Novice: 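Have a look at this one before I ask anything.
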Amino acid sequence: PAPSISVTEFKLVSERVSDPISEKQFGDIQEFIVTARDEKAERGLQVQKPSAQIASEELKELTLLREHQESIQRLAGLNGLHFTHGRLSSSGGSTGMLRAGQGLKWELRILHEEKVDPVAERTRLLKEKQKLEQQLAQVRGQLNNQEFLARAPSEIVRGAERRLKELEEQLKKVLESLERLG
């Protein structure tokens with residue numbers, strides 16, 4: 001009797017239909033979509049549809065992405081794609097980069113504008129300023145206490161000194177933000 005069909009080798013794809021160029025292009029598009037999603041997630045924009053700017057020095061890469069623009073927008077959750085030949089400027093938006101081998105393949109910038117309520121932002125910053133000032137007073141009090149300095153292990157004292165620097169830096173940023181709000 002002939003061997004069972006369940007143990008017979010069966011090839012669905014032959015070598016004649018293999019297309020390594022298309023497979024690489026599909027991988028490139030997939031890599032781009034994943035990076036765009038990651039950039040959106042990193043900025044908390046998963047449910048929003050921002051636009052994106054793509055730059056590449058290689059025209060064939062931009063052409064590939066432009067040919068599949070509609071699918072990329074749908075799968076990456078983007079509202080629009082803007083293509084730039086060359087490099088992105090350093091201003092505006094958040095930038096993620098896709099690298100291939102040693103060189104840069106694409107640069108991606110998520111374009112998103114946040115609407116800020118100045119009154120609510122000022123209130124939030126004033127609360128944060130008050131909280132930071134209280135924490136600074138506590139840490140400074142600790143570091144000015146000679147008994148604490150004499151009894152505490154050196155790593156605790158260094159930790160308090162680091163915390164003081166962190167709080168001072170945070171307070172500086174809050175004050176700068178308040179100044180920008182006017």
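Note that the coordinates shown come from a computational prediction; the quantities given were computed from them, not determined experimentally.
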Novice: Is it the case that one hydrophobic cluster holds both Leu132 and Leu126, taking links as side-chain heavy atoms less than 4.5 Å apart, direct or via other members?
Specialist: yes
Novice: Residues in side chain to side chain contact (heavy atoms under 4.5 Å, CB included) with Glu67, at least two apart?
Specialist: Thr63
Novice: On a heavy-atom basis, which atom in Ile110 and which in Ala52 lie closest, and how many Å separate them?
Specialist: CD1-CB, 4.3 Å
Novice: Can you give each donor-acceptor pair under 3.5 Å made by side-chain atoms of residues 135-151, sequence neighbours left out, with the distance rounded to 0.1 Å?
Specialist:
{"from": "Gln135", "atom 1": "OE1", "to": "Arg163", "atom 2": "NH2", "distance (Å)": "3.3"}
{"from": "Arg140", "atom 1": "NH2", "to": "Glu168", "atom 2": "OE2", "distance (Å)": "3.2"}
{"from": "Asn144", "atom 1": "ND2", "to": "Arg140", "atom 2": "O", "distance (Å)": "3.1"}
{"from": "Asn145", "atom 1": "OD1", "to": "Glu147", "atom 2": "N", "distance (Å)": "2.9"}
{"from": "Asn145", "atom 1": "OD1", "to": "Phe148", "atom 2": "N", "distance (Å)": "3.3"}

Novice: Is Arg124 salt-bridged to Glu121, cutoff N-O under 4.0 Å?
Specialist: yes
Novice: How close do Leu125 and Leu181 get, heavy atom to heavy atom, and via which atoms?
Specialist: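 Nearest heavy atoms, Leu125 then Leu181: CD1-CD1, 3.7 Å.
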Novice: Given Asp28, which partner from the list Gln30, Gln25, Lys24 fulfils the side-chain hydrogen bond (donor to acceptor under 3.5 Å, both in side chains) test?
Specialist: Lys24
Novice: Is Ile21 close to Asp19 at the side-chain level, that is, under 4.5 Å between some pair of heavy atoms?
Specialist: yes
Novice: Are the side chain of Gln73 and the backbone N or O of Asn79 linked by a donor-acceptor pair below 3.5 Å?
Specialist: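 Yes; at least one donor-acceptor contact below 3.5 Å.
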Novice: With distance as the sole test, does His68 use its side chain to make a donor-acceptor pair with the main-chain N or O of Ile29 at under 3.5 Å?
Specialist: no
Novice: Quick one: are Pro50 and Leu45 in side-chain contact, heavy atoms under 4.5 Å?
Specialist: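 Side-chain contact under 4.5 Å: yes.
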Novice: Can you see whether Gln170 engages Glu166 through a side-chain donor-acceptor pair at a distance of less than 3.5 angstrom?
Specialist: no
Novice: Below 4.5 Å, heavy atoms only, C-beta onward: do His82 and Ser51 meet side chain to side chain?
Specialist: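 Yes, their side chains come closer than 4.5 Å.
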Novice: Return the CD to CD distance between Glu57 and Glu107, rounded to the nearest 0.5 Å.
Specialist: 8.0 Å
Novice: Any salt bridge linking Glu161 with Lys165? Criterion: basic side-chain nitrogen under 4.0 Å from a carboxylate oxygen.
Specialist: no
Novice: Taking the side chain from Lys40 and the backbone from Gln48, do they hold a donor-acceptor pair closer than 3.5 Å?
Specialist: yes
Novice: Less than 4.5 Å apart, any side-chain heavy atom of Arg109 and any of Ile54?
Specialist: no
Novice: Checking side-chain polar atoms at under 3.5 Å, does Gln53 have a donor or acceptor matched by the opposite partner on Thr84?
Specialist: yes
Novice: Is the number of heavy atoms from other residues, nucleotides or ligands within 6.0 Å of CD (Gln46) greater than 12?
Specialist: yes
Novice: Hydrophobic clustering (ILVMFWY, side-chain heavy atoms < 4.5 Å, transitive) - are Leu164 and Ile156 grouped together?
Specialist: yes
Novice: Could you check whether atom CD of Glu70 has more than 12 heavy atoms from other residues, nucleotides or ligands sitting under 6.0 Å from it?
Specialist: no
Novice: Find out if a path of hydrophobic residues (ILVMFWY) with successive side-chain heavy-atom gaps under 4.5 Å connects Leu78 to Val34.
Specialist: no
